[in-house]
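Proteins get letters first, then strands, A, B, ... in listed order; numbering begins at 1 in each.
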There are 2 protein chains.
Amino acid sequence: MIPINITIKDVAKELGVSYSSISRALNGKEGVSEATRQKILKTAEKMGYQPNDLARGLVNKISKTVGVIIPDINNPFFGEIVTGISDAANEKEYNIFLCISGWSPKNEQAYFDTLRKKRVDGIILKSAGKNEDYENVRSPLMIIERYSKTLEYNCVEVDNELGGYLAAKHLLDCDYRNLGFILGKEDIFASQSRLNGAARALKEYGMSINENAVIEGSFSIEGGRMAAKELFENRGEKIDAVFSMNDLIGLGVLQYCSDQNISVPDEVGVIGYDNISYSRLPQIQLTTIHQPKYELGRMLFDTLLEEIQAKDEPKQVKKVILNPELKIRKTTRVLK
Amino acid sequence: MIPINITIKDVAKELGVSYSSISRALNGKEGVSEATRQKILKTAEKMGYQPNDLARGLVNKISKTVGVIIPDINNPFFGEIVTGISDAANEKEYNIFLCISGWSPKNEQAYFDTLRKKRVDGIILKSAGKNEDYENVRSPLMIIERYSKTLEYNCVEVDNELGGYLAAKHLLDCDYRNLGFILGKEDIFASQSRLNGAARALKEYGMSINENAVIEGSFSIEGGRMAAKELFENRGEKIDAVFSMNDLIGLGVLQYCSDQNISVPDEVGVIGYDNISYSRLPQIQLTTIHQPKYELGRMLFDTLLEEIQAKDEPKQVKKVILNPELKIRKTTRVLK
DNA sequence: CTGAAAGCGCTAACAT
DNA sequence: ATGTTAGCGCTTTCAG
C-alpha cells in the first residue's frame, strides 16, 4: 500500500513522456503506440498510481457515484434492498453513498442537498416526505415504493395493491372473518395501497373493511405490539385476524398474543408483509407477503443507470412493477 | 429543486463581483465586507447554488468522505455499527461510501482500491483477510474487531476475551459442564479471542476446553444449524451447552434443538454473542453477550476523524476497547 | 476590501 | 504517435 498520492504527472516524469499520453494509455484511448502503452501501464502499476476520481469527475461531469437515502438500515427490508443496489452498482463500477434518514423528512431533505454537492450521478430514495417534493427533480432519481400514476417520477415497486389483495384473500380463505389492519404511519402511502387490495378481496367475499379495525401504527416490533393492544383492547371489536403492513409489526402482534395467551393461529391469525429473514425462524414462522427485495435493489440501480446514461434523450418516466408472493407459514390456520 | 449546476462564477457574474469574493463569503473567510457577504449569501441561496465538492476536494485534498467496508449489512450486528458510523459522520458533515464485501478478501481488496481512487479521507474496515495486509497502510484506517498488541494499526473493539470469559463463566455458573463451541470461520480471529476467554473461565473451575467440541462453523443461521448437527451427532461427545460465537449461529443451534426435540435450557443451554435485536424476541429469548454496536460505530468514526485531522502530527496507533455485557435470558437455565 | 491569477489532477481538443 | 494547452469549479496566494 503506497500512501502518497501519485499523479499522472509523476508517472509522466518518470518515463519522460507527456502526461496526456499517460491519460490516453490509462483510459484505453487511441493515440498511443502499443509499445508506450504497455510501458506506461507497467510503471503506473509499479508506482502504485491510482487515478483521482475527484479530478476525473470534475472534468467528465460523471462521478460514478450514486446516493441511497433510506429510513433505517436495521430493518432487514432495507438491508436487502441496499445489498441489491450495492451489488448492481459494483458491477458497473459505481460506488454508493449511504444516507440513513431515520424516517425524518428533514434529514431526508438535508441528505438530498449534500448528495447534490457531492455531484452524485443519481439518487435512490425511500421517501418519508410528500411525493410532490420530488416530482420536478430533473436529475436522475428513483423512488422506492411510491407508485403514482399521475406524478412524474421514476419508481420501481412491488405491487402493493396485489400484495394487499393476496394477504386479505388468504385470511378469508382460512375462514377468518373479522379482519384488523395495522398500517405503518411512516409510509401511509404503501399501507393505503395494500389496504385497497384488501378491500378488493373482501368485496369478493361480499364484505368490506371495518374502518374501526384499522390502526395507524409504527413500522417496528414495539409499534406492532402497541397497535395490537389498541386493536384488541380499545376498539370494542372481536378481531380474529390481523393484517400487519410489515413483518416487524407482525412480530409485535405475535408478541402481544403471546403475552396475552391468545393462541395463534387458532384464535387469531396473523399475516405480515416483506418476508424478512427473521420471519421464517422456526420459532416464528410468520405467514407473510414476500417482496423480492434483493431484486428490487438491483432493478432500482439498473433503471437509475439507464436514465443516467440517457442524459441527452428526452426524459421518459420509468415505472417498474414487480410481483409479491404469498408465503404461508404457521401463523394462519390450515383449513381441513 | 434546481437541476442545472450553478457555479461560483454564475453567482459572481450575477452580482458583478470577482468569484474569489464569492468563495470567501461562502466559506466564512475574512476579506469581504459584511455588506457584500450578505448580498452574496442571499443571491447564492436564491440561485440555488450548491458548491461542487469534487472541485473542493481536489484543491483542499479533503473529500469529507469516508469508506466503510463490511462483510454483510443484513447481519444486524453490522447494521447497527453502520448506523452509528453514519450518525457520527453526519454530525461532522461527512458522507460514507458503503461497500459490502460478502466476507471475500478479494472484494475487500478491490473496494479498498476504489475507495483510494475516490480519495476518501479514511476507511473503516471489517476485514475478512489477514491482518498483515493492513499493517502498513499509512492513510487513516480503523479496523473493526481485530485487536492486536503487536500490529500497528488503529482498532476499536469490544473486548472479545472478556466476552468469551463472561459467556463461559455463565454457562458454568448454570451448572453446565460439557461445553461445545461453534466458531465463525469468517472471523477466526475474534472467535479465537473469545475462546481464550472461555478457557480462562474453565480454568477457574479446574477445567479446560475440550478441543473435540470446538467446531468451525459459519456466521449464519444455517451455519449454526449445521455446526450443531456436527457437534451433537458426529463428535461422540455429550454436550450440554453451546457457546455460539454470534447470535445467528445461536439461532441456528436453537433451530437444531427444536427440530430434534432437545429441550432448551434444560437438556442443553445455548448462549449467543452480539445481542442483535432479534435475539430478544419473546419467542427466542436468547441469552447472549451484548456488544455496544451503535456506540462502537460512533467511536469508530470519531476516532478515525481524530486521526484524519491530525495528519501532520506523528502517527500514533489508537486502540480503543469497549466492554461487553452478559444478557441472561431464557436459553440458559436458572439455578435454584 | 477586492480582483487577478495560479494550480489541484485530469481529459480532450488542438497542434506538431 | 506524441506534446501542448485550455478548462472543469474551486481555494488561495499575491497584487492593487
Participant: In terms of ring plane angle, is the pair B/Trp103 and B/Phe78 parallel, tilted or perpendicular, where the classes change at 30° and 60°?
Facilitator: perpendicular

Participant: So what is the end-to-end bend of the helix from C/dC1-D/dG16 to C/dT16-D/dA1, with 5 pairs used at each end and the value given to 10 degrees?
Facilitator: 50°

Participant: Check the distance between C/dC1's P and B/Gln38's CD and give it to me in whole angstrom.
Facilitator: 14 Å

Participant: Side-chain N or O of A/Asn5 less than 4.0 angstrom from OP1 or OP2 on C/dG9?
Facilitator: no

Participant: Taking the basic N atoms (NZ, or NE/NH1/NH2) and the acidic carboxylate oxygens, is any pair closer than 4.0 Å for A/Lys118 and B/Asp53?
Facilitator: yes

Participant: CD1/B/Ile143 to CG/B/Leu300 distance, rounded to the nearest 0.5 angstrom?
Facilitator: 10.5 Å

Participant: Any side-chain donor paired with an acceptor under 3.5 Å for B/Asn74 and A/Thr83?
Facilitator: yes

Participant: Give a yes/no answer on whether the side chain of A/Asn27 brings an N or O atom under 4.0 Å of OP1 or OP2 in C/dT11.
Facilitator: yes

Participant: Whole angstrom is fine here: how far is it from CD1 in A/Ile6 over to P in C/dC10?
Facilitator: 10 Å

Participant: Can you tell me if the side-chain N/O atoms of B/Lys29 get under 4.0 Å from OP1 or OP2 in D/dT11?
Facilitator: no

Participant: What is the separation between atom CG on A/Asn52 and atom P on C/dT11, rounded to the nearest whole Å?
Facilitator: 10 Å

Participant: Verify ring-ring contact (aromatic ring centres under 6.0 Å, His included) between A/Phe301 and A/Tyr94, making sure each step is shown before the conclusion.
Facilitator: CA-CA 10 Å; A/Phe301 179 81; A/Tyr94 263 75; 5.6 Å; yes

Participant: What are the atom names and distances for every N/O pair under 3.5 Å that joins the protein to nucleotides 1-4 of chain D?
Facilitator:
from	atom 1	to	atom 2	distance (Å)
D/dT2	OP2	A/Ser33	N	2.8
D/dT2	OP2	A/Ser33	OG	3.1
D/dT2	OP2	A/Thr36	OG1	2.8
D/dG3	OP2	A/Ser18	N	2.7
D/dG3	OP2	A/Ser18	OG	3.3
D/dG3	OP2	A/Ser21	OG	3.4
D/dG3	N7	A/Ser20	OG	3.4
D/dG3	N7	A/Arg24	NH2	2.8
D/dG3	O6	A/Arg24	NH1	3.1
D/dT4	O4	A/Ser20	OG	3.0

Participant: Do the side chains of A/Arg298 and A/Glu91 get close enough for a salt bridge, i.e. N-O under 4.0 angstrom?
Facilitator: yes

Participant: Any side-chain N or O of A/Lys61 below 4.0 angstrom from OP1/OP2 of C/dT11?
Facilitator: no

Participant: To the closest 0.5 Å, what do you measure between CG (A/Leu98) and CD1 (A/Ile73)?
Facilitator: 5.5 Å

Participant: I'd like to know whether NZ of A/Lys106 has more than 12 heavy-atom contacts from other residues, nucleotides or ligands below 6.0 angstrom.
Facilitator: no

Participant: Quiz question: by atom type and distance under 3.5 Å, do the side chains of B/Asn95 and B/Thr65 form a donor-acceptor pair?
Facilitator: no

Participant: Can you check the A/Gln50 CD to C/dC10 P distance for me, whole Å?
Facilitator: 11 Å

Participant: D/dG9 P sits how many Å from B/Asp10 CG, rounded?
Facilitator: 8 Å

Participant: A/Arg56 CZ to C/dG9 P: how many Å, rounded?
Facilitator: 14 Å

Participant: Whole-Å distance between C/dA4 C1' and B/Ile8 CD1?
Facilitator: 14 Å

Participant: Nearest whole angstrom, please: distance from the P of C/dG9 to the CZ of B/Arg116.
Facilitator: 14 Å

